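What follows is one structure encoded as structure tokens, with my remarks underneath.
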Amino acid sequence: MGALRLTLVRHLAGAAAGLVALYVLTTSVGPYRDLQIAQAAYLTCAVAGLTVLTGLGGQISLGHGAFMAVGAYTAALVSAHWGWPLAAMLAAAAVVTALAGVLVGAVAARLQGPYLAGATLAFAVGLPGLANYSHLTGLLGGQNGLTVTPPVPPAALGETFPLERWQAWIACLGAVVTLFLLANLTGGRFGRTLRAGRDDEIAAALCGLRVARLRIAATVVSAACAGLAGGLLAVVATLAAPGAFPLTLSLQLIAAVIIGGLGTLPGAVWGALILVFVPSWASDAASSSGLSHDVASNLPLAIYGLVLIAVTLAFPRGLQGGLRGIGGAARRRLPPSVRRFAPGGGAPGVPATHRGGADEPTTDQASVPDPEGAGGRDDDGGGGAGGRGERLRR
Amino acid sequence: MVRFVNLTLAGITQGAVFAAVALALVLIWRATRVVNFAQGGMLMFTTFLAWTVVHDGGSYWLALGVALASGLVIGAVAERVLVRPVEGGPPLNAVIVTLGLYVLLQAAAGMIWGDTPHSYPPAFTIKGLSAGGTRLLLSPFDLFVIGAVALVMAALTVLFVRTGLGLKLRAAAFAPEIARLQGVRVGRMLTLGWALAALVGSLAGVLIAPSVFVGPSQFDAMLVFGFTAAVIGGLDSPAGAVAGGLLLGCALSYVSGYISSDLVTFGALAALITVLMVRPNGLFAARTGRRV
Amino acid sequence: MTTAAAVLAAAASGCGGSGGKSGSSAPGVTATTVTIGSHQPLTGPAAPGYSANSAASKAFFDYVNAHGGVHGRKIAYKYVDDAYNPTQTVSVVQKLVLQDKVFAIFNGLGTPTHSKVVDYLNAQRVPDLFVASGCGCWDEPAKHPETFGWQVDYIREGKILGDHISKTYPGKKVAYFSQNDDFGQDGVKGLDKYVPPAQVVSRQTYQPGATDVSAQVQAIAQAKADVVVLFSIPTYTALFRLAALKLDYRPTFVVSNVGSDPITLDGLLESFAKSGGTKLSGSPLIQGMVTDGYLSSPGDASDSWIQLYKKIHDQYIPKLPFNGNIVYGMSAAYTFVQALQNAGKNPTRKSLVDGLEKTKLTGPGLVPFAFSAQSHAGYTGAQIGVIKGDVIVPQGQPVTTDDGGGPIQPYTAPQPQAPASGVPPAG
């Protein structure tokens with residue numbers, strides 16, 4: 001009990017520190033950087049939700065872009081038709097998407113591995129297409145989608161307060177709250193049972209866990225995060241349109257999860273930052289390169305592809321896992337209190353041998369050797385869409 | 001009635017190509033337990049190479065040969081250089097690497113050949129055959145497409161079931177340790193599996209190219225529908241891939257013809273979910289792999 | 001939590017600092033340069049064809065820069081990829097405005113994309129010139145004083161094609177095949193103002209991105225339509241044509257300007273039309289297609305504008321195919337140079353917009369612009385033409401109309417010749 005409260009206090013302190021840091025950051029940069037921070041913040045919500053589902057729950061989803069679409073359209077509709085205030089709009093986005101998550105989760109709980117990947121991929125491609133259905137175009141705006149009225153900064157902040165900073169604050173608050181809630185959720189019983197269900201379905205069932213229900217719950221939590229992300233996208237980009245939620249978006253989210261470090265919340269932030277800043281930087285590089293039109297146009301795409309490959313090959317456990325590996329030795333010299341937070345931190349009863357990507361928070365690779373080595377054979381089928389682990393089940 | 005026949009014929013032709021892409025995905029899944037997201041990009045790239053041959057005056061068959069050969073090479077290189085390091089690692093990493101390869105190939109094609117889509121010749125005329133005075137949505141070229149996919153399917157079956165090489169390939173995929181003990185060069189077999197799969201994929205690219213044109217993003221839908229077809233059929237079954245492809249092709253054609261062309265992608269989702277609700281491991285799942 | 005926040009803070013601060021020097025008179029204007037920006041689909045599903053527009057505009061600006069620029073200033077044209085994704089459009093446009101401090105946005109492409117930045121650009125008072133889309137929605141001077149259209153809008157185009165159909169093919173069965181977005185829908189709106197409803201036997205749509213349109217083509221063929229109107233982009237014009245070939249269905253084709261560029265269609269259909277191995281000039285599959293145009297036809301080598309554009313093309317972007325997209329991009333750039341000249345020796349954002357509302361621009365098109373204080377619509381009409389070889393051969397006279405219930409009127413003034421220098425004469 002004491003440990004639990006300590007964890008909660010630590011997470012609260014972390015959230016507060018994060019908010020202060022973000023306040024300082026957003027007020028010290030220009031409006032365009034604020035906009036990028038806002039983008040990174042809403043993507044963080046979606047990636048964090050997905051990393052919990054995939055990393056801890058062992059369920060892959062290639063369809064989180066569609067959940068974001070549900071959230072964005074919900075926010076746009078309640079704002080346009082009923083004029084709901086900002087907080088209610090975002091809450092509606094999260095709740096409605098969570099309900100969609102119940103449906104998807106019920107289907108997904110029966111599936112695994114590539115079948116789950118295929119179903120969610122079809123979800124990502126099929127759902128935004130509904131907006132074009134002629135009987136729904138009146139409501140959803142067809143191919144053009146809906147335009148959302150931008151939020152108005154409170155008068156107390158002054159006449160000249162930049163809109164982008166206000167949007168950044170909204171999105172960052174959303175991201176910090178999401179991370180805070182997910183950190184507590186995954187650090188507690190929910191996270192433990194999730195991992196148990198992932199690592200050994202039969203053992204978990206023997207222990208009285210209802211694995212199917214657990215999976216649905218994980219999908220719902222994850223969908224709610226993506227819905228909030230979609231709602232925030234509607235507030236930051238002031239739109240909801242089918243073109244904003246292509247399959248590419250869903251694939252980018254799962255790529256961000258892996259690149260950041262499967263199952264880690266700090267990894268989710270890394271992943272979101274890469275999604276926002278790498279293309280922007282690559283695009284600048286391309287436009288000032290003086291290359292021919294065809295080459296310059298495709299250069300950012302090429303850089304993005306290379307980053308995906310290079311990071312995955314260089315850091316099989318993601319950037320967060322890589323950093324932890326590098327920092328491990330140094331950190332051991334510090335007193336334990338300085339050791340930082342990670343999801344599930346201090347949770348007792350998590351066997352040190354469970355193998356699920358990079359989500360072992362308390363075991364630095366440097367201090368507790370992975371029984372199979374860093375890139376060892378992974379038998380948990382945690383990600384689902386590949387890996388030899390699946391073979392052993394047959 | 002004519003409409004139903006024509007929608008079915010259009011569905012079968014389109015489905016045959018989905019089936020070929022699905023076959024490529026199934027081969028790679030069976031060999032290395034990786035869903036190859038780069039498949040769409042690989043077949044786009046090899047079709048561009050074939051287009052270059054045709055464009056420079058080469059014959060259709062020479063171009064087809066170039067596509068198949070380059071498919072073999074690209075598949076082998078992709079496995080050896082990019083996928084081998086992540087094989088046996090966290091399962092999703094391989095997916096992300098193939099995704100990166102896909103993006104890279106798309107960018108490279110855009111850099112080399114530009115974004116303007118090009119015409120690709122069919123092997124035979126695309127003018128429809130007549131039956132009882134009505135033109136059908138089935139041309140000699142469509143028959144060639146269907147025949148080519150059937151032939152590949154048959155050849156693969158013979159290869160896997162009847163030959164020693166096929167046995168080694170299967171052993172390397174399903175029981176690598178035991179295979180290694182028996183003297184099978186497992187790594188080499190996996191590379192060969194990828195190469196074969198990419199060859200089938202490049203055939204699919206050349207077959208579909210006349211009807212979708214050749215461009216860096218013209219084949220994007222092929223991966224989505226091919227993957228959907230593979231999942232419908234069951235990822236471990238080549239026969240399932242073909243059945244899944246035909247089923248999906250017809251389903252999309254009927255949705256487009258009888259309900260609304262706006263709902264085609266949604267129709268694919270509906271077809272997939274319906275099948276998976278009844279058979280969670282696809283139509284041709286060897287046995288129910290799911291516990292609990 | 002702390003780590004997450006720290007990571008965010010560290011990484012984002014590393015990229016801090018906003019560029020842009022303070023200009024002399026207006027944002028984006030220095031003593032030697034005028035910087036303008038655009039969002040374009042350079043990659044992704046909309047890139048085919050359209051990615052060439054911006055390269056053509058850039059080539060034209062480079063040509064003008066090499067010939068002295070505008071009032072001694074060179075035009076720096078920054079076009080950024082938005083992959084036709086509205087979220088990215090918002091992001092890149094804000095970058096252009098906030099960080100690159102562009103003077104104006106020029107020729108931003110697409111309705112679903114550009115409609116999401118119109119409010120923003122007007123709130124920021126950034127001139128938003130010559131949107132590359134035929135949506136009627138750019139013409140709202142009261143609500144969006146900074147936004148100007150350029151190409152003829154789809155409703156006007158539909159009216160002109162519909163008028164032609166009702167006069168030329170009275171009583172014949174007509175079918176529509178249109179893209180399922182504002183392009184197709186507005187086009188059909190215009191058509192329906194002139195084609196009697198009883199004549200329309202089938203209305204089919206397609207979804208951009210679909211791989212197969214044979215179900216729609218078959219439905220139209222079964223309805224035995226004599227005339228098929230295509231409001232489609234070139235790839236789908238070509239797909240329709242191939243499916244019709246398959247069914248041996250030979251109606252008269254009436255194709256919107258967007259989907260009828262003969263050179264692009266040739267490229268898409270050339271493999272299907274070789275007779276005995278000899279390459280024909282102009283695919284036989286597109287001969288006789290009826291269309292409409294408001295610019296010179298790229299295949300018309302005797303046209304002064306085409307000669308100018310071809311010269312610039314060969315010098316700056318020889319690798320790109322010389323087609324309708326190149327003519328489009330260069331013509332839009334020409335109009336922008338005219339607008340910048342009209343904005344005076346020391347242009348401001350206000351003088352640019354005022355200049356457009358006050359001066360009547362002529363060229364490169366066949367018909368005049370609607371630009372005035374009351375209207376921000378672009379070209380007001382078009383001329384019917386028939387594809388012959390690689391060229392659209394004009395029929396009759398150019399006509400103009402409005403996007404409401406107004407009449408269609410002939411326009412008699414001849415198309416101006418391209419200036420010998422290639423640079424619009426200073427106004």
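What you see is a predicted model; the values in this text were computed from it and never measured. Protein chains get the first letters and strands the later ones, always in sequence-line order, with residue 1 at the start of each.
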Item to check | B:S119 side chain to C:S271 backbone, donor-acceptor under 3.5 Å | outcome: yes

Checklist entry - Quick one: does C:S51's side chain have a donor or acceptor within less than 3.5 Å of a partner on B:D115's backbone? => result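 Side chain of C:S51 to backbone of B:D115, a donor-acceptor pair under 3.5 Å: no, none is there.
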
Item to check | Exceeds 12 heavy-atom contacts within 6.0 angstrom, atom NZ of C:K310 | outcome: yes

Counting heavy-atom pairs under 4.5 Å with chain B, which one of [options] comes out on top?
options	answer
C:G267, C:G209, C:A210, C:P321	C:G267
C:L242, C:V217, C:L320	C:L242
C:N325, C:D212, C:L42	C:D212

Item to check | Pairwise side-chain contact, B:P122 with C:F272, heavy-atom cut-off 4.5 Å (strictly under) | outcome: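 With C-beta onward as the side chain, the pair touches.
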
Next on the checklist: Under 4.5 Å from any heavy atom of chain C, what part of B:Y120 do you find: side chain, backbone, both or neither?
Outcome noted: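 When you check distances to chain C, only backbone atoms of B:Y120 fall under 4.5 Å.
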
Checklist entry - What's the spacing between B:L138 CG and C:K246 NZ if we round to 0.5 Å? => result 7.0 Å

Checklist entry - Can a donor-acceptor pair be found between the side chains of C:Q218 and B:R3 at a distance below 3.5 Å? => result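 A pair is found: one side chain offers a donor N or O, the other an acceptor, under 3.5 Å apart.
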
Item to check | Pairs of heavy atoms under 4.5 Å with chain C: top-ranked of B:P117, B:A221, B:G257 | outcome: B:P117

Next on the checklist: If you count heavy-atom pairs within less than 4.5 Å of chain C, which of B:L137, B:L129, B:T116 leads?
Outcome noted: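 Most heavy-atom pairs under 4.5 Å with chain C: B:L137.
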
